[in-house]
Amino acid sequence: MTLILVQSPKGGVGSTFMTAQLAIRLAKQGLQVAAIDCTGQDSLKLHFGLRPAQPLGLPGEVVPQALVVLGVALMSGDDLQREITHGTPASLASQFPPERVTIIDVASSDRRLMDALMPLATVHLCVLTPSPAAIATLPLTDPGKPVIELQRTLFILNQLDDRLKLSRDTSKFLGELLGDKLVGSVRRDEAVNQSLAMLQQIGRFAPSSVVLHDLAALTAVIAHRCGFVSDAPDNAPDNALAGAKADALAGTGVPE
């Protein structure tokens, strides 16, 4: 069983985008992947080009073919919420078939769900933005525990804009603070929001977007951490950061 939890700090953004993009890229590698929306916002489907009114299947049921999008089975988190309230640890674990990679988008404030799922998790991905608020909320990742000592928690920097001094400085600080627990960065690109507005997946709406390169590097690192591949990618997070800086200096890092 492979269970990946994705979460933004309280008040943060980006976990839903990362859940969708990681699921799509792992599915492209031939893995059986499910993505579950537990945020309560029901917005995960939008990153797959589905309309807001489209219902999703539940984790314990057979997902209709129409809801398998880009190789990813899309599911609602309602069943999981009921399971942690009325079920047992064994019944909760049974929601995640051993042959499947399950990626769950968890609301930042849902401590109860996190506490129930963390013992089952292969990895917990915390999505940060390059801002003072991201640094201020780091202690809330797992209250009472230093972030550097969280064994299964890794960090992703989202919406990096290397043209901005604060963004650069925050990125540098987080890199020094978190070390190899910061597994990658994704640059800011307005095409992400534009693709959502057009109900299209970013890879189809903007195939030349800078975020696609960053997501490929990030997925390679996470696939290695989860044991899907045996060879570690060569400095994938560093390459993504270097690419961001090079594009920013060239004036192409973020579309106008």
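Each residue takes its place number in the sequence, starting with 1. Not measured: the values here are computed from a predicted model. These numbers come from the heavy atoms of this one structure, side chains and all, not from hydrogens, waters or symmetry mates.
- Taken to the nearest 0.5 Å, the SG atom of Cys38 stands 8.0 Å off from the CG atom of Asp78.
- Annotation: salt bridge (charged side-chain N to carboxylate O under 4.0 Å, His left out) contacts involving residues 126-142, sequence neighbours excluded, comprise Asp142-Lys145.
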Q) Would Ile84 and Leu113 count as a side-chain contact (heavy atoms from CB on, under 4.5 Å) if you check the C-alpha gap in whole Å, the side-chain angles of each, and the deciding distance to 0.1 Å? A) CA-CA 7 Å; Ile84 65 171; Leu113 183 61; 3.9 Å; yes

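- Applying the side-chain hydrogen bond (donor to acceptor under 3.5 Å, both in side chains) test to every pair with at least one member in residues 20-39, sequence neighbours left out, gives these pairs: Gln21-Arg25, Gln21-Gln201, Asp37-Thr39.
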Q: Test Leu67 against Gln54 for side-chain contact (heavy atoms from CB on, under 4.5 Å), laying out the working first.
A: CA-CA 9 Å; Leu67 294 184; Gln54 172 67 56; 3.2 Å; yes

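- Take His47 and apply the ring pair (Phe, Tyr, Trp, His ring centres under 6.0 Å) test, not counting sequence neighbours, and it matches Phe17.
- Panel note: side chain Ser195, backbone Val192; a donor-acceptor pair is recorded below 3.5 Å.
- Interatomic distance, Leu128 CG to Thr170 OG1, rounded to the nearest 0.5 Å: 10.5 Å.
- Here Thr88 pairs with Ala90, Ser91 under the side chain to side chain contact (heavy atoms under 4.5 Å, CB included) rule; sequence neighbours left out.
- Rounded to the nearest 0.5 angstrom, Met114 CE and Leu117 CG are separated by 7.5 Å.
- Counting only heavy atoms from C-beta outward, the side chains of Ile104 and Thr19 never approach each other to under 4.5 Å.
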Q: Decide yes or no on side-chain contact (heavy atoms from CB on, under 4.5 Å) for Asp162 and Ser167, but give the supporting numbers first.
A: CA-CA 6 Å; Asp162 207 58; Ser167 183; 6.0 Å; no

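- One hydrophobic cluster holds both Leu70 and Ile4 under the rule that ILVMFWY side chains link at heavy-atom gaps under 4.5 Å.
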Q.
Working note: Asp105 + Ser15, criterion side chain to side chain donor-acceptor pair (under 3.5 Å); need CA distance, chi angles, decisive distance, verdict.
A. CA-CA 6 Å; Asp105 185 16; Ser15 67; 2.7 Å; yes

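- There is a path of hydrophobic side-chain contacts, each under 4.5 Å, that joins Val123 to Val101.
- Remark: Gln151 CD is loosely packed, at most 12 non-hydrogen atoms of other residues, nucleotides or ligands lying under 6.0 Å away.
- Residues Leu212 and Ile202 meet the side-chain proximity criterion, which asks for heavy atoms closer than 4.5 Å.
- Asp214 is listed as a side-chain neighbour of Arg187, based on a closest heavy-atom distance under 4.5 Å.
- Residues Phe228 and Leu26 have side chains in contact (heavy-atom distance under 4.5 Å, counting atoms from C-beta outward).
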Under 3.5 Å, which donor-acceptor pairs do the side chains of residues 172-180 form with other protein atoms, sequence neighbours left out?
none

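- Between Leu218 and Ile222 the shortest side-chain heavy-atom distance falls below 4.5 Å.
- A distance of 12.0 Å separates CD in Gln159 from OG in Ser185, rounded to the nearest 0.5 Å.
- Among pairs with a residue in residues 112-122, those fulfilling salt bridge (charged side-chain N to carboxylate O under 4.0 Å, His left out) read Arg111-Asp115, at least two apart in sequence or across chains.
- Asp110 pairs by the salt bridge (charged side-chain N to carboxylate O under 4.0 Å, His left out) definition with nothing, not counting sequence neighbours.
- The stretch residues 121-136 participates, sequence neighbours left out, in no salt bridge (charged side-chain N to carboxylate O under 4.0 Å, His left out) pair at all.
- Hydrophobic clustering, with ILVMFWY side chains joined whenever heavy atoms are under 4.5 angstrom apart, keeps Val69 apart from Leu46.
- Judged by distance alone, with hydrogens and angles left aside, the side-chain atoms of Lys45 form a donor-acceptor pair with the main-chain N or O of Pro52 at under 3.5 Å.
- For Leu120, the side chain to side chain contact (heavy atoms under 4.5 Å, CB included) criterion is met by Met1, Leu3, Leu92, Ala93, Phe96, not counting sequence neighbours.
- A 4.5 Å side-chain heavy-atom check between Pro130 and Leu157 finds at least one atom pair inside the cut-off.
- Following chains of ILVMFWY side-chain contacts shorter than 4.5 Å, one cannot reach Leu44 starting from Leu196, and the two form parts of different hydrophobic clusters.
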Q | Intermediate values then yes/no, side-chain contact (heavy atoms from CB on, under 4.5 Å), Val6 and Val106 | A | CA-CA 6 Å; Val6 186; Val106 183; over 6 Å; no

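- Met198 belongs to a hydrophobic cluster with Phe205, counting contacts under 4.5 Å between side-chain heavy atoms of Ile, Leu, Val, Met, Phe, Trp and Tyr, direct or through other members.
- Every residue two or more places apart in sequence or in another chain that forms a side chain to side chain contact (heavy atoms under 4.5 Å, CB included) with Thr122 is listed here: Thr2, Cys226.
- Contact between Gly77 and Ile36 at its shortest, heavy atoms only, is CA-CG2, 3.7 Å.
- One distance of note links SG of Cys126 with CG of Leu150; it measures 9.5 Å at 0.5 Å rounding.
- Tested against Val127, the residues Val186, Asn158, Thr16 include a single side-chain contact (heavy atoms from CB on, under 4.5 Å) partner, Asn158.
- Side-chain contact between Leu125 and Gln7 is absent, with no heavy atoms from C-beta onward closer than 4.5 Å.
- Residues Lys165 and Arg163 fail the side-chain proximity criterion, which asks for heavy atoms closer than 4.5 Å.
- Within the hydrophobic cluster formed by Ile, Leu, Val, Met, Phe, Trp and Tyr side chains joined at under 4.5 Å, directly or through other members, Leu140 stands alone, with no partner residue.
- Within the 3.5 Å criterion, the main-chain N or O of Ala134 finds a donor-acceptor partner in the side chain of Thr137.
- Going from atom NZ of Lys181 over to atom OG1 of Thr141 covers 10.0 Å, rounded to the nearest 0.5 Å.
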